[in-house]
Peer 1: 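Starting off with a structure, shown below.
Heavy atoms only: backbone and side chains are in, while hydrogens, waters and symmetry mates are out.
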Amino acid sequence: MKGQERIHFKSERDARRRTICSALETLDVQAHVYDATGLTPKVGRPRCLEALAGDLAALSVSRLVLEQDDSTVKSDRRTLFDATGKHGIRDRLTYHHLRAKQEPMLWIPDAVAWCLAKGGEWPARVRPLITKTVAVR
């Protein structure tokens with residue numbers, strides 16, 4: 001919308017959320033969901049990043065962008081350094097923390113995560129984007 005720096009699902013109205021979900025379905029994007037339900041963020045986030053690194057090793061991916069949360073950057077970097085080494089991709093994968101207004105592609109996982117967490121009609125609206133779900137324990 002005019003004057004809006006980014007799309008952030010928690011701040012949108014339901015009608016706009018529906019419009020955005022419909023627009024996302026027209027894009028050539030896929031979402032992999034790493035579900036750490038039952039784990040604390042301190043435990044779950046590193047385990048999700050470790051699982052993600054393993055999956056990225058099987059793809060020809062050279063760049064990973066995470067939404068910047070200043071409280072997790074240091075831990076994320078340590079986890080990713082170890083995980084990319086373990087999976088043999090440290091030399092080919094770069095990882096960056098950026099603010100959502102710096103990288104519009106970060107709006108997509110924000111929308112997917114919000115819809116899955118919200119429940120009701122929302123998970124079905126992003127289900128066509130989800131090509132893989134990993135239960136992280």
Peer 1: Examine R77 relative to Y95 and say whether NZ or CZ is less than 6.0 Å from the centre of the six-membered ring and inside a 45° cone about the ring axis.
Peer 2: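 Checked: cation-pi criterion not met.
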
Peer 1: Side chains of T79 and E50: closer than 4.5 Å at any heavy-atom pair?
Peer 2: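 They are in contact (side-chain heavy atoms under 4.5 Å apart), so the answer is yes.
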
Peer 1: Would you say V33 and I20 are hydrophobically clustered, going by side-chain heavy atoms of ILVMFWY under 4.5 Å?
Peer 2: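 V33 clusters together with I20.
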
Peer 1: Looking only at heavy atoms, which two atoms of V136 and A51 are closest? And how far apart?
Peer 2: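 Distance-wise, the nearest heavy atoms are CG2-CB, 4.4 Å.
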
Peer 1: Take atom CD of Q4 as the centre, draw a 6.0 Å sphere, and report whether it contains more than 12 heavy atoms from other residues, nucleotides or ligands.
Peer 2: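 Buried by this count: over 12 neighbours within 6.0 Å.
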
Peer 1: Flag the pair L24 / V29 as yes when at least one side-chain heavy-atom distance between them is below 4.5 Å, and no otherwise.
Peer 2: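 No, every pair of side-chain atoms sits at 4.5 Å or beyond.
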
Peer 1: Under the criterion side chain to side chain donor-acceptor pair (under 3.5 Å), which of D76, T40, D69 is the partner of R45?
Peer 2: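 Of the listed options, the one satisfying the test is D76.
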
Peer 1: When you compare the side chain of Q68 with that of V73, does any pair of heavy atoms fall below 4.5 Å?
Peer 2: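 In contact.
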
Peer 1: With the side chain counted from C-beta on, respond yes when Y34 and L49 share a heavy-atom pair under 4.5 Å apart, and no when they do not.
Peer 2: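 No - every pair of side-chain heavy atoms lies 4.5 Å or more apart.
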
Peer 1: Report yes or no: do M105 and L129 belong to one cluster of Ile/Leu/Val/Met/Phe/Trp/Tyr joined by side chain heavy-atom distances under 4.5 Å?
Peer 2: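 Yes, same cluster.
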
Peer 1: Is D55 paired with K132 through a side-chain N to carboxylate O contact shorter than 4.0 Å?
Peer 2: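 Answer for the salt bridge query: yes.
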
Peer 1: How long is the gap from CG on D82 to NE2 on H87, to the nearest 0.5 Å?
Peer 2: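 NE2 of H87 is found 10.5 Å from CG of D82.
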
Peer 1: Output all residues satisfying salt bridge (charged side-chain N to carboxylate O under 4.0 Å, His left out) with D70, sequence neighbours left out; order by chain, then residue number.
Peer 2: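 Result, salt bridge (charged side-chain N to carboxylate O under 4.0 Å, His left out) vs D70: R99.
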
Peer 1: How many angstroms lie between NZ in K10 and CH2 in W114, if you round to the nearest 0.5 Å?
Peer 2: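 It comes to 12.0 Å.
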
Peer 1: Do the non-hydrogen side-chain atoms of L56 and I89 ever get within less than 4.5 Å of each other?
Peer 2: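 Contact flag for L56/I89 side chains = yes.
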
Peer 1: Within this structure, what is the CD1-SG distance for the pair I108 and C21, rounded to the nearest 0.5 Å?
Peer 2: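 So the CD1 of I108 and the SG of C21 are separated by 11.0 Å.
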
Peer 1: How close do P46 and V43 get, counting heavy atoms only, and between which atoms?
Peer 2: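 Minimum heavy-atom separation between P46 and V43: CD-O, 3.3 Å.
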
Peer 1: Does L66 reach the side chain of L80, with side-chain heavy atoms less than 4.5 Å apart?
Peer 2: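 Yes; the side chains approach each other to less than 4.5 Å.
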
Peer 1: Shortest non-hydrogen contact from P123 to G119?
Peer 2: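 Minimum heavy-atom separation between P123 and G119: CD-O, 3.3 Å.
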
Peer 1: Checking R127 against W122: charged group under 6.0 Å from the ring centre and within 45 degrees of the axis?
Peer 2: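 Output no; distance or angle outside limits.
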
Peer 1: State, with a plain yes or no, whether a side-chain heavy atom of D110 is found less than 4.5 Å away from one of L106.
Peer 2: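 When only atoms from C-beta onward are counted, L106 and D110 do not touch, as no gap falls below 4.5 Å.
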
Peer 1: At what distance, to the nearest 0.5 angstrom, does CD1 of I130 lie from CG of L116?
Peer 2: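 The CG atom of L116 is 4.5 Å from CD1 of I130, to the nearest 0.5 Å.
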
Peer 1: Using modelled atom types and a 3.5 Å cut-off, is there a donor and acceptor pairing between side-chain atoms of W107 and backbone atoms of R6?
Peer 2: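 No.
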
Peer 1: Could you measure the distance from the CZ atom of R17 to the OG atom of S11? Nearest 0.5 Å is fine.
Peer 2: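 Answer for the CZ-OG pair, R17 versus S11, is 8.0 Å.
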
Peer 1: With the threshold set at 4.0 Å, does a side-chain nitrogen-carboxylate oxygen contact exist between E121 and R18?
Peer 2: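 Yes, charged N to carboxylate O under 4.0 Å.
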
Peer 1: What verdict does the side chain to side chain contact (heavy atoms under 4.5 Å, CB included) test give for R63 and L93, after you've listed the backbone C-alpha separation in whole Å, the side-chain angles of each residue and the deciding distance to 0.1 Å?
Peer 2: CA-CA 5 Å; R63 184 171 187 247; L93 181 73; 5.6 Å; no

Peer 1: Quick one: are L64 and L52 in side-chain contact, heavy atoms under 4.5 Å?
Peer 2: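 They are in contact (side-chain heavy atoms under 4.5 Å apart), so the answer is yes.
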
Peer 1: Donor-acceptor check, side chain of R47 to backbone of A36, threshold 3.5 angstrom: yes or no?
Peer 2: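 Side chain of R47 to backbone of A36, a donor-acceptor pair under 3.5 Å: no, none is there.
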
Peer 1: Quick check for you: to the nearest 0.5 Å, what is the distance between T72 atom OG1 and E67 atom CD?
Peer 2: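 One finds 9.5 Å between OG1 of T72 and CD of E67.
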
